[in-house]
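In the text below, chain A, chain B and the rest are named by the order of the sequence lines, each starting its count at 1. Because the structure is predicted, anything quoted here is derived from the model rather than measured.
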There are 2 protein chains.
Amino acid sequence: MASEGVGSGGNGGEFATVSRIRDAAIARFARDGFQVGLRTVAADAGVTAGLVIHHFGSKDELRLACDEHVLETLRQEKTKTLTDGTGTMLLAQMAEVERLAPMVRYLLRSMQAGGELALKLIENMIADAEQYLSAGEAAGVVRPSRDRAARTRYLAYQATGSMVLWFTLHGADAEPAEFAALFRRYIEDLALPALELFTQGLLVDRSMHDEYLMYVPDPPCAGDADSIAS
Amino acid sequence: MASEGVGSGGNGGEFATVSRIRDAAIARFARDGFQVGLRTVAADAGVTAGLVIHHFGSKDELRLACDEHVLETLRQEKTKTLTDGTGTMLLAQMAEVERLAPMVRYLLRSMQAGGELALKLIENMIADAEQYLSAGEAAGVVRPSRDRAARTRYLAYQATGSMVLWFTLHGADAEPAEFAALFRRYIEDLALPALELFTQGLLVDRSMHDEYLMYVPDPPCAGDADSIAS
DNA sequence: GGGGCGGTTGAACAAGTGTTTAATCTGGTG
DNA sequence: CACCAGATTAAACACTTGTTCAACCGCCCC
C-alpha cells in the first residue's frame with residue numbers, strides 16, 4: 001500500500017487524504033498548540049475524527065508523523081537553515097520563510113512544549129554549530145573558547161530559547177499570515193544587539209570573568225588559560 | 001476577618017484553607033503545568049474540587065491568585081533576584097533557592113505557557129536590567145551600545161529564554177526535590193560561556209558587524225557610530 | 001438551646017476528550 | 001453482476017474537564 005507517487009494514474013486524490021490530514025494537523029498544531037482537539041484537526045482536513053484515528057492509530061502517532069515530516073522536509077529543504085552558529089539569523093535571510101512558516105512555527109511549538117523532537121532538534125543544532133564554530137576558529141574569525149563544547153551549547157540555547165520565548169509572548173495568537181512578518185521583526189529587533197555582543201562583548205574588562213574563574217572549584221581546560229587571557 | 005496570625009487562640013486552621021489551596025496549586029502547577037486538573041490540586045490541598053471553585057470562583061481566577069502571590073512573594077523577597085543584568089546568575093548565588101524553588105519553577109512554567117504574568121515579568125526584568133546596564137555604563141564597566149534599549153531587551157530574552165528552554169527540555173518531569181540541584185547545574189554549565197562571551201565577544205574582527213550596518217536600511221543612532229567603532 | 005452562616009462535601013451536570021464500533025459508500029476484480 | 005477491500009462516516013463509549021447544586025457540619029451569636 002501507499003507505494004505509488006503523486007503522479008499515478010487515478011485522479012491523484014485517492015491516498016492524498018492521509019497527507020492532507022497530516023498537513024492540516026501541522027498547521028493547526030503550529031497555530032494553536034498540541035492541546036487542540038482531534039475534531040478540529042479533522043475539520044480542517046475536511047474529514048472526521050474517526051478517520052484520523054483510522055489512518056494514524058492515535059493522536060500521539062499523528063503528532064509523531066507530523067514531527068517526522070516537518071523534520072524531514074526542513075532537513076532536505078536546507079540543512080543549515082537552523083543550524084548555523086547563531087542559529088537564527090541565516091534563517092531570516094532566506095526568502096522562503098513565507099512558504100515554510102507553518103513548519104517553522106510547528107518547530108517553535110515543539111520547543112515550547114518539549115518532548116522528543118525538540119530535544120533531537122537542539123542536539124542537531126548543537127552538533128552543527130560545533131562544526132561551524134570550529135571552522136570559524138580555524139579560519140581565525142571566531143575567538144577560541146576555554147570550553148568549546150560548553151560555549152556551543154550555550155549559544156544554541158540562547159539563540160533558540162530567546163526565539164521561542166519571544167514567540168510565546170508576542171506571537172502566540174497571531175494569524176498564520178502574520179507569522180512571517182513577525183519573524184522578520186524578531187530578527188530585525190535582535191540582529192544588531194546580537195552582532196554587537198558577538199563583536200565587542202558586554203564588559204569592558206576581564207575582572208568579572210577572572211573572578212569567576214578564581215571562585216569556581218574546577219576551571220575547565222586550565223592548561224590553555226594563558227592562550228585566551230593574552 | 002483575616003486579621004489574626006498563625007498563633008491565634010483557635011486551632012489556627014480556620015482560614016488557612018484558602019492559602020493552603022493556593023500554595024498547593026502553585027506547587028502542582030509548577031510541577032506538572034497548568035493543564036493539570038482541579039481535582040488534583042484539590043487533593044494536594046486535602047479538599048474537594050468544589051471548594052476550590054467556591055473560594056476562587058474559577059480555575060483561571062485560581063491561577064491569577066497564584067500569579068499574584070508568586071509575584072508579590074518574590075518581589076518582597078528580593079527585587080533584584082531575577083532582574084540583574086544577566087538575569088540568572090545572581091539568582092544562583094543565593095542560598096534560598098531551595099526554599100523558593102516552587103516559586104521559581106512556577107515562573108518558568110508561566111514563561112513556558114505565556115500569558116499575562118510572563119509578559120509583565122519580562123517587562124519588569126527589562127526595566128530593571130536597563131537600570132543595571134546604565135549604571136554599569138556610567139561606572140565604565142559595561143560597554144556602550146549602539147542601541148541600548150534593543151540590547152537590554154536582547155539580553156533579557158536571551159537569558160530568560162535559554163533558561164526556560166533548558167528546563168523545558170531537561171527538567172520537565174523532575175521531582176521537586178531535584179529542582180534546586182538542576183538549577184545549580186544549569187547555572188554552572190552556562191555561567192562560564194556567558195561570562196566569556198560578555199568579556200571577549202565571539203568574533204575576532206568587526207567585519208560582520210559593520211557589514212550588517214551597511215546592509216540594514218536605517219541604522220539606529222548613526223550619530224555616535226564613531227564613539228563605538230573607535 | 002435555636003438560628004443562621006460560612007466552610008465543606010459529594011453528587012450531578014454539560015461539555016469536551018481520544019477512541020471504538022458498526023454501518024455506509026465507493027471502486028476495482030473475479 | 002456479485003463481491004470484497006478499503007475509505008469514510010455517524011454514533012456511541014468511557015473518561016476527564018470545569019462548574020453547579022443541594023445538603024451537611026460546626027461554630028458564633030442572640
Side-chain angles (χ1 to χ4, degrees), chain A residues 1-29 31-67 109 113 115-116, chain B residues 1-29 31-67 109 113 115-116:
Chain A
M1 61 187 85
S3 61
E4 53 176 353
V6 202
S8 80
N11 47 25
E14 291 173 0
F15 83 106
T17 307
V18 44
S19 59
R20 200 175 71 244
I21 294 175
R22 169 173 42 66
D23 291 349
I26 291 176
R28 181 54 74 171
F29 284 154
R31 180 172 190 167
D32 295 345
F34 295 107
Q35 78 286 354
V36 82
L38 267 187
R39 286 164 179 81
T40 308
V41 173
D44 285 354
V47 296
T48 315
L51 190 62
V52 180
I53 296 291
H54 170 73
H55 279 306
F56 292 90
S58 72
K59 188 185 182 181
D60 282 332
E61 288 175 276
L62 168 64
R63 180 177 165 183
L64 238 77
C66 291
D67 282 7
R109 283 282 178 202
E116 200 75 28
Chain B
M1 49 186 78
S3 61
E4 56 175 353
V6 202
S8 80
N11 48 25
E14 291 174 0
F15 83 105
T17 308
V18 44
S19 59
R20 202 176 67 246
I21 293 176
R22 169 172 44 64
D23 291 348
I26 291 176
R28 180 55 73 172
F29 284 155
R31 182 172 187 168
D32 295 346
F34 295 106
Q35 77 286 354
V36 82
L38 268 188
R39 285 161 179 85
T40 308
V41 172
D44 286 354
V47 296
T48 315
L51 190 62
V52 181
I53 296 291
H54 171 73
H55 277 307
F56 292 91
S58 71
K59 187 184 183 181
D60 281 333
E61 288 177 275
L62 168 64
R63 180 176 166 184
L64 237 75
C66 292
D67 283 6
R109 283 281 179 202
E116 202 74 30

Enquirer: Identify, residue by residue, the members of residues 35-44 of chain A with a heavy atom below 4.0 Å from DNA chain C, and return them in order of residue number, or none.
Expert: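 Only A:Val36, A:Gly37, A:Leu38, A:Arg39 qualify.
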Enquirer: Exactly one of B:Arg39, B:Arg28, B:Arg31 should register a side chain to side chain contact (heavy atoms under 4.5 Å, CB included) with B:Asp44. Which one does?
Expert: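 Output: one option passes, namely B:Arg28.
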Enquirer: Is NZ or CZ of A:Arg63 both nearer than 6.0 Å to the six-membered ring centre of A:Phe29 and within 45° of the ring axis?
Expert: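 Judged by the rule (NZ or CZ under 6.0 Å from the ring centre, within 45° of its axis), A:Arg63 is not positioned above A:Phe29.
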Enquirer: Got a second to check how far A:His54's NE2 is from A:Ile21's CD1, nearest 0.5 Å?
Expert: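 Output value for this atom pair is 9.5 Å.
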Enquirer: Could you report the tightest heavy-atom contact between B:Ala24 and B:Val41, atom names first, then the distance?
Expert: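 Scanning both residues, the minimum pair turns out to be CB-O, 4.2 Å.
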Enquirer: Give the rounded distance in Å between these two atoms: CG of B:Leu62 and C1' of D:dT19.
Expert: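 Answer to the nearest Å: 14 Å.
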Enquirer: Let me confirm one number: the CZ-CD distance from A:Arg109 to A:Gln35, rounded to the nearest 0.5 Å.
Expert: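 A:Arg109 CZ to A:Gln35 CD: 7.0 Å, rounded to 0.5 Å.
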Enquirer: Would one find a side-chain N or O of A:Thr17 under 4.0 angstrom from OP1 or OP2 of D:dT8?
Expert: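 Answer is yes, contact under 4.0 Å.
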Enquirer: Are the side chain of A:Thr48 and the backbone of A:Leu51 linked by a donor-acceptor contact shorter than 3.5 Å?
Expert: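 No, A:Thr48 side chain to A:Leu51 backbone: no donor-acceptor pair under 3.5 Å.
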Enquirer: Using every non-hydrogen atom in the two residues, find where A:Ala42 and A:Ala49 come nearest and quote the distance to one decimal.
Expert: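 Looking at all heavy atoms of both residues, the closest pair is CB-N, 3.5 Å.
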Enquirer: B:Thr48 has a side chain; which of D:dT19, C:dT9, D:dT9 sits nearest to it?
Expert: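 The answer is C:dT9, which lies nearest to the side chain.
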Enquirer: Report yes if the side chains of A:Arg22 and A:Phe56 come closer than 4.5 Å at any heavy-atom pair, otherwise no.
Expert: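 Of all side-chain heavy-atom pairs linking A:Phe56 with A:Arg22, at least one is under 4.5 Å.
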Enquirer: For the helix from C:dA15-D:dT16 to C:dG30-D:dC1, what angle lies between the axis at the first five pairs and the axis at the last five pairs, to 10 degrees?
Expert: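 Result, rounded to 10 degrees: 30°.
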Enquirer: Nearest 0.5 angstrom please: A:Leu62 CG to A:Asp67 CG, how far?
Expert: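 The CG atom of A:Leu62 sits 9.5 Å away from the CG atom of A:Asp67.
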Enquirer: Tell me, which of residues 50-59 of chain B have any heavy atom that sits under 4.0 Å from an atom in DNA chain D?
Expert: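 The stretch gives B:Gly50, B:Ile53, B:Ser58, B:Lys59 as the residues lying under 4.0 Å from the strand, ordered by number.
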Enquirer: Looking at B:Lys59 and B:Val52, would you say the former's side chain and the latter's main chain have a donor-acceptor pair under 3.5 Å?
Expert: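 No: the side chain of B:Lys59 does not pair with the backbone of B:Val52.
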